[in-house]
There are 2 protein chains.
Amino acid sequence: MNLAGDNELTMTNVRAEKVREVARLATRTGRARSGEFLAEGPQAVREALRLHLENAEHGRAEVVRAVYATEDCLDKHPELEVMSNKAERVHTRLVNQEVLAAMADTVTPQGIVAVCIIPETSLQDVADTKPRLVAVLTRVQDPGNAGTIIRAADAAGADAVVLTSGSVDIYNPKSVRSTVGSIFHLPIITNADFGSTMAAFKGQGSTILAADGYGAADLDALQDASAARRAGSTEPAPEGQPVLEEPTVWIFGNEGQGLDETELAGADHRVAVPLYGIAESLNVGTAATMCLYASARAQRRG
Amino acid sequence: MNLAGDNELTMTNVRAEKVREVARLATRTGRARSGEFLAEGPQAVREALRLHLENAEHGRAEVVRAVYATEDCLDKHPELEVMSNKAERVHTRLVNQEVLAAMADTVTPQGIVAVCIIPETSLQDVADTKPRLVAVLTRVQDPGNAGTIIRAADAAGADAVVLTSGSVDIYNPKSVRSTVGSIFHLPIITNADFGSTMAAFKGQGSTILAADGYGAADLDALQDASAARRAGSTEPAPEGQPVLEEPTVWIFGNEGQGLDETELAGADHRVAVPLYGIAESLNVGTAATMCLYASARAQRRG
């Protein structure tokens, strides 16, 4: 269907059942009931549609169920109209400003939202691809932190992100926003059991590294050793120290408490980001970014 | 005075002028008028008092003007009472829960706040110390981002943070909170003129590096070259590439627009944090952390 051409279809009733249905995706119950979540704003919707079109080409799962946009927004971002029209089985509708505001979670939804399908990726699906770099979030509670780590994992070229069952629901609008589109860039597994996650990745040969402020291994020392090896040093890695070049699964814990004893026991090594100043700790999102990039740098620059 | 021993002094009137005075520190006008800001919660107050006591020993400027705490909080954190009692010229008062809530900006101020003095550090003071690592924030707008960068600068052992005049006021409660005490760990200069900042640090021999997604130099390549040199490689740095081991001033720009042409022109080199995945960019706080740690690692591990 032609999205912008059919003005008589512009939705203007903020009380319509459809509007309420979309708005309900801001709640956990609403998402659980429908298996859908909301992407807001041109960038997120563009990434959703891009993945939808790419998946369609390869016969993979659908990503977007519906797109709602104001005429203004499509005037500013004509590529979004082109993509929406190309995407098969995506319900697309023009809406006015009021309807969009009623559907969206943000105060300024920037003219467009997409109803997206929560993907059903299994741990085994991901483990079977023999990933080289995976981030596991266990009991991370803050939606912004979870989103930041997903964005950083994407930037570092990680193969997947796993969230254990005690973690924040990353399909809530705040998390989705803080991924800045990265939620559509790599497989994300939610509600995973911690033990099964460790078993799945150990089974395919990954080293499990726990990010832990009290860890015996120093991330900077590991990075320097790795860079020296890649520059031709033949010195072997010190005994009992991880080798960043190897396939790696990083575990990141709760904001306040870090990783608990069971979680630490699941790891092959505990690694600390060194603190050179007076600060007592780093934000989990910051620490995760440092760890994931350290692995990315070691694995990719050979 | 003995903070906890003098129960008759407990403040209970939420409408008292003093309570309103403290509450006004949540506003820019209130802070400008009094030259004070608010630190909330046990950790921030502890770091403020620690710096106050340390400065007193060295005849340096006062940090804390007043501490307001509930009896519950002092029972849980007896060291805060000890520190308060030791701190000279700090007005300390017990308050009830309601008064504390009326003073504080947070919903859960965790039983204690301190009225702190906005320090008057000049650019020249900092440049005169011949700093090895400085972060300059120009037009960074989000209070959380500014706070995160100050915390990261502290963790990386940076010598100072400079905010140019177009940046967020880091003495607003949200920024202070997001530094998690780091605001008391290193000199912070606010309202600096960009040109004067560049001149001051170039004058004492620092290399100016602009964090710029389109930069020609790749942060990971620079780190690898630096690690190889430190591991004994005698290969000189490629021409036109910065050497991370040298004294460095990093410039970080606005969240949406990055650095503008004038700002980029002020730098000796433009450096990009590489993106290995599909993500189009990194959050400025994340990028800043990566850059500052890259320098810290290069400068400290010789």
Side-chain angles (χ1 to χ4, degrees), chain A residues 43 47 50-51 133 144 147-159 178-182 184-186 218-221 223-233 235 273-283 285-290 292-301, chain B residues 43 47 50-51 133 144 147-159 178-182 184-186 218-221 223-233 235 273-283 285-290 292-301:
Chain A
Q43 191 183 13
E47 297 311 295
R50 182 180 297 169
L51 181 62
L133 184 54
T148 301
I149 299 176
I150 289 171
R151 185 179 181 189
D154 174 18
D159 301 296
S178 59
T179 72
V180 194
S182 288
F184 301 108
H185 292 168
L186 74 176
D218 171 307
L219 186 70
D220 279 359
Q223 288 190 84
D224 280 352
S226 166
R229 278 192 295 276
R230 285 172 289 125
S233 162
E235 209 169 306
V273 178
L275 296 166
Y276 296 114
I278 308 174
E280 287 167 32
S281 64
L282 286 168
N283 170 292
T286 303
T289 309
M290 308 275 292
L292 292 168
Y293 257 91
S295 291
R297 183 159 51 243
Q299 293 180 353
R300 292 185 181 246
R301 312 186 148 265
Chain B
Q43 190 183 14
E47 297 310 297
R50 182 179 297 169
L51 181 61
L133 184 54
T148 301
I149 298 176
I150 289 171
R151 186 180 181 189
D154 174 18
D159 301 295
S178 58
T179 72
V180 195
S182 289
F184 301 109
H185 292 168
L186 73 175
D218 171 307
L219 185 70
D220 279 358
Q223 288 190 84
D224 281 351
S226 166
R229 278 192 296 275
R230 285 172 288 125
S233 162
E235 209 168 306
V273 177
L275 296 166
Y276 297 115
I278 308 173
E280 286 167 33
S281 64
L282 285 169
N283 169 292
T286 302
T289 309
M290 309 274 294
L292 292 168
Y293 257 90
S295 291
R297 185 159 50 242
Q299 293 179 352
R300 294 187 180 244
R301 313 188 148 264

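Order of the sequence lines fixes the chain letters, A, B, ..., with proteins taken first and strands second; residue numbering starts at 1 for each chain.
A:L282 CG to B:T289 OG1: the interatomic distance, rounded to the nearest 0.5 Å, is 7.5 Å. In this structure, OG1 in A:T286 is found 7.0 Å from CZ in B:R151, a value given to the nearest 0.5 Å. Separating the OH atom in A:Y293 from the CG atom in B:L219 is a distance of 9.0 Å, to the nearest 0.5 Å.
Counting heavy-atom pairs closer than 4.5 Å to chain B, the top residue among A:G181, A:S281, A:A152 is A:S281. Chain B forms more heavy-atom pairs under 4.5 Å with one residue of A:E47, A:E280, A:H185, A:Q43 than with any other, namely A:H185. Most heavy-atom pairs under 4.5 Å with chain A, from the set B:I278, B:L275, B:T179, B:T148: that is B:I278.
Minimum interatomic distance between A:D224 and B:R230 (heavy atoms only, all atoms of both residues): OD2-NH1, 3.0 Å. When all heavy atoms of A:Y276 and B:A296 are compared, the pair lying nearest together is CD1-CB, 3.7 Å. In terms of heavy atoms, A:A279 sits closest to B:S182 at CB-OG, 3.9 Å.
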